[in-house]
Amino acid sequence: MIKLDFLIFLECVTKYTKSDIDKGKTPLDVYKLCAIIRESFCISYTIRKTNNLYLYIESNHLLIKIEGKSVRYLGSDERSQALLLLRAIMKIENNENYNDRGWIKSTPGICVKKLLSSELILENINTNFDDNRIFITDISKENVKYGENIDENSSLCFLFSFSQESIIFLKFIQKVNEECSLKNIDLSKIRGIENKILYINFLYDQQKLLKN
């Protein structure tokens, strides 16, 4: 079975509170993150168990991991997603004794870790991959078939950035290209990361990820 993972790069996340969410004052970037979380996991009355989502926030070097197989309390509504995200971020910010070494559990299936730099991202997500891991980015306009050199035991990690101008993201792509298998796909006709994830999940559901 193919495992789908999504790694999203963000320069920062607008600060917000539970009160902001309750009053319907969700910041635009948080609203978009909620859409990404929803499209990564939520389908009718259940959660995609084989999907994982990673959010890397450059401003404070936070890496948030959401595991489909063990996540709990994740609803399809924006409020549920925003509050779970807020709790994960505050788990580190409120922990004065955090030693920068281990994952901290926020809620079931959601963990957070503070990294020294973005260069450590790869080693912190590789534990979920085997020798068949493949990293895929849409940073290139090159049109590559989804099924090329992909079998049923592959682990696919799709890389996206909120800002295509992100230097950190470009450096990470270079690092992946040097150490792992990196492919480019053309999703230029699809606007919004959440819609790209929706399309990728659709291809997976239709078993078209395996077809040339």
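We number each residue from 1, following the sequence as shown.
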[X] versus [Y], closest heavy-atom pair with distance:
{"X": "Tyr16", "Y": "Ala82", "result": "OH-O, 2.7 Å"}
{"X": "Phe135", "Y": "Leu122", "result": "CZ-CD1, 3.6 Å"}
{"X": "Gly75", "Y": "Ser80", "result": "N-OG, 2.8 Å"}
{"X": "Lys196", "Y": "Asp138", "result": "NZ-OD2, 2.6 Å"}
{"X": "Ile168", "Y": "Phe9", "result": "CG2-CE2, 4.2 Å"}

Can you confirm whether [X] sits close enough to [Y] that some side-chain heavy atom of one is under 4.5 Å from a side-chain heavy atom of the other?
{"X": "Leu159", "Y": "Phe172", "value": "yes"}
{"X": "Leu74", "Y": "Ile47", "value": "yes"}
{"X": "Ile8", "Y": "Tyr56", "value": "no"}

Taking [Y] as the starting point, is it possible to reach [X] by hopping between hydrophobic residues whose side chains are less than 4.5 Å apart?
{"X": "Leu83", "Y": "Ile89", "value": "yes"}
{"X": "Leu116", "Y": "Phe169", "value": "yes"}
{"X": "Phe202", "Y": "Ile200", "value": "yes"}

State, without any angle test, whether [X] and [Y] hold a side-chain donor-acceptor pair at a distance under 3.5 Å.
{"X": "Asp22", "Y": "Ser19", "answer": "no"}
{"X": "Asn184", "Y": "Thr137", "answer": "no"}
{"X": "Tyr204", "Y": "Gln206", "answer": "no"}
{"X": "Asn52", "Y": "Lys65", "answer": "no"}

Legend entry - Test item: Asn195 side-chain N/O and Ile190 main-chain N/O as donor-acceptor pair under 3.5 Å: no
Legend entry - Among Ser161, Ser163, Ser59, side chain to side chain contact (heavy atoms under 4.5 Å, CB included) partner for Glu11: Ser163
Rounded distance [0.5 Å steps], [atom1] in [X] versus [atom2] in [Y]:
{"X": "Ile57", "Y": "Leu33", "atom1": "CD1", "atom2": "CG", "result": "7.5 Å"}
{"X": "Glu67", "Y": "Asn51", "atom1": "CD", "atom2": "CG", "result": "12.0 Å"}
{"X": "Thr17", "Y": "Lys25", "atom1": "OG1", "atom2": "NZ", "result": "9.0 Å"}
{"X": "Glu58", "Y": "Leu63", "atom1": "CD", "atom2": "CG", "result": "11.5 Å"}

Legend entry - Validation row, ring centre Phe6 to ring centre Tyr54 under 6.0 Å: no
Pairs of donor and acceptor atoms involving the side chains of residues 105-112, under 3.5 Å and at least two apart or interchain, shall be tabulated with distances.
from   : atom 1 : to    : atom 2 : distance (Å)
Ser106 : OG     : Ala88 : N      : 3.4

Legend entry - Asp77: salt bridge (charged side-chain N to carboxylate O under 4.0 Å, His left out) partners, not counting sequence neighbours: none
Legend entry - Side-chain ion pair, Asp205 and Arg48, N-O less than 4.0 Å: yes
Legend entry - Of all pairs that satisfy salt bridge (charged side-chain N to carboxylate O under 4.0 Å, His left out), the ones with a partner from residues 30-39, not counting sequence neighbours: none
